[in-house]
Student: 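Take this structure first; my questions come after.
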Amino acid sequence: TTSLPPQTRQRASKQVSLPPSLWCPPLSPQQANKQTTSLPPQTMLRFRSNLLLLLLASALALATVSVSASELCQFTQGKIATFQEAHDCFQSVPFNESVRAQTIDTLRKVMQLYVFLDIANKSPAPQLPVSVDILSELDRISRQFYANDFQFQDDLRTQYLRFFDAHTQYYGPVCYSNLQLAQPLGPIAYVENGEIVFDISNYFQSDLVEYFKTAHGYDVTQFAGARILSIEQSSPLAYFKAYAQSDVGIAKDPITRLHITQTMPQPTPDVPARQVMASYWQIRTHRNPFPSSSFVSYELLLKNGSSTTVHIPWVARVLKSYANRDAFLADYWAAGSSSRRSAAQLRTPVSALLGSGVEEKMTPLEDILVVEQNPAERKRDSARFTLLVGSADVSFYLLDDSNTMVMYLNTMAPTNYLDTYETMNKAFKMAEQNNYDQLIIDLTNNGGGNICFGRMLLAYFQGRFSGVPNWGPQDLPLSDLQSLLTETAVQRNVSGTVWSPGFYSLENGQRNPNWNISAIQPGIEHTRGGRRRNYSELLHIRGCGNLGYVLQPAKQYTKDQVVLLSRGFCGSTCALFNNHATLYDQVRTAVFGLNTQPDATQQPTAFPGLQVLDDPDIYAMFQHLGFDTSPQPVNSTDPIPRELPTTASYRMCVREIYGPVNPEQSYPLEYTYMPATKTFAEQASTANTPEEAWYIVRDEMF
């Protein structure tokens, strides 16, 4: 067994870890006393047990804060803090009833605008299991006992994760996310002899490698390539499946969620340092839970054939300096955070957002890290992967048959649109001149971006305009809040919000005047998740994507000459591009995943929902309509959701998209299972060197 130095073991042994069931007992003592007379004996026995656990949890929570208040929350940006230092700081933030009341009030009100509020109650697709009654969960959280604020914030985060939708999330105050919990060892998974196996990946983050050498005296890279036999005394498959189910969110396909718990390199054969999407288990961002214990126990089979057990502590990467607890709390409250923008600052970017039809300002892959690969594992083969042309966000490669061109596009929000189009035009000119007749478009880990870029890209490949725009039918959910926003937009002649009639074109492509409220309400009744609600007429964002019909590639490919490739994580605008090409143009798709059955299927896309808004953009639209959104004490007569009192934030889908069928007899694409044309099992070669998948797709699908 490889263990930590004695002083490190001593520190770790002081840590008292609370299981989630102890952190959040179901009732406070006051609430329980009111219900005592109506509870049967067996329920009373369970309650007394829970009450005892509650008291124990409170005592243990106090016991885990092992330093004085003056020493809490002292962190230096760029440094590595210990698990205990992060834990003590988080646990020291007291629970605040006013914060809870205002937060829950805002979330309850704004959820009227959530387009999947009803259907999420019961998913119609058995392959995409979702069952979330978020309003009931908010009611429960409004009554729950919490020993500190972090427990309250984490409960909200957990409930939103159950939507399995990267477009619908709740994030705690920014002070918590400025400490990023991490493990130095990243798992990587693939299928071997019909079973899913897990190794320690060859990708390491240099700051963590250096920290463990300095602080603990050993080199974590020695475990590269080791087989994980068990983790936390469980099989790695069972362990990561459980984590994928409870703490990943992001995607509804269970196979995709499992894949996201693993290290996923980007297919870039021409660069020495590869971009890697770090495991959503290894790196704990604002989406992921605080670890329940201070270290992870691994049983490993090393590459030399020997086995060992190692206990690796969690550490915290410090993203912002704090001198003390007061400085930390300054980033807890909305008024004290540099990340909270004023209303004046918000209006300009949001009007630009709406004018250009941007669906989201950033890809949900801000967790991508450039990490160092083990040099012994990095072997370039320029003959098999010839770089034709590339820019920051798109690259084109030629395979060794001199016939198959690969376009690797890692975002739908290019850093430079002109460079991207120039690169594409150069590549397709080369394809036309040299007769590259097969095209693979690799969308691995493409989290989306600008909807108009996605539509222009579709138009670019589709060729000349046929008279049928490349959009899909969309609608909005109707509610009392939506009605207030729409009617106010008409009265004030404001056409630049999601709820303004003039923001849209009709199904026939004609621009809808802002006074024509009938395009939105009274709408059409649908039953979703066992609930009835009216939704708007079918609508489209006006003036988005037609430029692509002007920018024509030198070489046009037919549907049989193209395959779209992913690992299941092609999200948002990427999903829009993929799904439209599949549904309307019959382009084939391929997905690599952790599948062990020959007839297994998997979706190539994730969270296709459509229009996502982050809370600053929602408030900016409310302000544009003349509503006050400043944080206020709870007022049940105020219909407008107020800004949160803390730097917590949320995002949600407000408009949904359908496929090319009658929406009255179908479901939105977010809840429609659409498997890839061909599903491949991830192999050791494709997991570690993802561009190897290009050859498999070429040989199997052309």
Side-chain angles (χ1 to χ4, degrees), residues 15-66 69 72-73 86-109 111 132-162 170-173 175-176 246-247 286 288-293 325 328-329 332-333 633-634 636 644-648 650:
Q15 170 61 32
V16 180
S17 303
L18 303 180
S21 59
L22 297 188
W23 282 12
C24 302
L27 294 173
S28 69
Q30 294 82 0
Q31 293 165 333
N33 286 337
K34 294 178 182 178
Q35 301 184 31
T36 300
T37 55
S38 61
L39 298 179
Q42 63 272 26
T43 306
M44 279 300 300
L45 182 61
R46 286 196 301 270
F47 164 70
R48 291 188 180 111
S49 299
N50 283 337
L51 180 58
L52 181 60
L53 292 176
L54 167 61
L55 298 174
L56 176 61
S58 300
L60 289 176
L62 293 174
T64 58
V65 180
S66 57
L72 287 168
C73 307
H87 175 274
D88 288 353
C89 178
F90 287 8
Q91 297 288 316
S92 73
V93 180
F95 173 73
N96 185 304
E97 182 58 52
S98 295
V99 166
R100 169 164 66 180
Q102 289 177 252
T103 301
I104 296 297
D105 182 67
T106 289
L107 296 179
R108 276 198 190 113
K109 289 175 179 176
M111 287 305 287
V132 183
D133 185 346
I134 191 64
L135 296 180
S136 294
E137 290 298 329
L138 291 175
D139 287 342
R140 174 189 62 79
I141 292 172
S142 71
R143 302 186 303 270
Q144 186 95 6
F145 172 82
Y146 299 99
N148 53 59
D149 176 79
F150 185 73
Q151 292 177 9
F152 162 66
Q153 302 289 348
D154 196 57
D155 199 356
L156 283 172
R157 178 200 62 82
T158 300
Q159 300 313 314
Y160 275 70
L161 278 187
R162 293 173 55 214
Y170 177 88
Y171 310 128
C175 54
Y176 296 129
S246 62
D247 290 302
H286 55 315
N288 310 114
F290 195 90
S292 59
S293 63
R325 185 169 170 272
F328 184 80
L329 289 176
Y332 173 84
W333 296 104
V634 174
S636 59
L644 299 175
T646 69
T647 55
Y650 59 87

Student: Are any of the side-chain heavy atoms of Q159 and V132 separated by less than 4.5 Å?
Tutor: no

Student: Compare every heavy atom of P94 with every heavy atom of R325, then report the nearest pair and how far apart it is.
Tutor: NH2-CD, 3.2 Å

Student: Please report the C-alpha distance between R108 and D139 in whole Å, then the side-chain angles of each, then the deciding distance to 0.1 Å, and finally whether the side-chain contact (heavy atoms from CB on, under 4.5 Å) criterion is met.
Tutor: CA-CA 9 Å; R108 276 198 190 113; D139 287 342; 2.7 Å; yes

Student: With rounding to the nearest 0.5 Å, note down the distance linking CD in Q153 to OH in Y170.
Tutor: 3.5 Å

Student: Got a second to check how far N96's CG is from T646's OG1, nearest 0.5 Å?
Tutor: 10.0 Å

Student: Tell me if a side-chain donor or acceptor on S92 pairs with a main-chain N or O of C89 at a distance below 3.5 Å.
Tutor: yes

Student: How long is the gap from CG on L107 to CG on L156, to the nearest 0.5 Å?
Tutor: 6.0 Å

Student: About how many Å separate OH of Y650 and OG1 of T106, when rounded to the nearest 0.5 Å?
Tutor: 6.5 Å

Student: Going from OG on S292 to CG on D247, what distance comes out if it is rounded to the nearest 0.5 angstrom?
Tutor: 9.5 Å

Student: Would you call D154 and R157 a salt bridge, using N to O less than 4.0 angstrom?
Tutor: yes

Student: Between Q151 and D155, is any side-chain donor less than 3.5 angstrom from a side-chain acceptor?
Tutor: no

Student: On a heavy-atom basis, which atom in T103 and which in P645 lie closest, and how many Å separate them?
Tutor: OG1-CD, 4.0 Å

Student: Any idea how F95 and Y146 line up, ring-wise: parallel (<30°), tilted (30 to 60°), or perpendicular (>60°)?
Tutor: tilted

Student: Do the rings of F150 and F290 sit parallel, tilted or perpendicular, given the 30° and 60° boundaries?
Tutor: perpendicular

Student: Is the shortest distance from a Lys or Arg side-chain nitrogen in K109 or D105 to a carboxylate oxygen in the other one below 4.0 Å?
Tutor: yes

Student: Side-chain contact test, heavy atoms from C-beta onward, threshold under 4.5 Å: evaluate it for T647 versus Y176 and give yes or no.
Tutor: no

Student: Look up atom CZ in F328 and atom CZ in F90, then write down how far apart they are to the nearest 0.5 Å.
Tutor: 5.0 Å

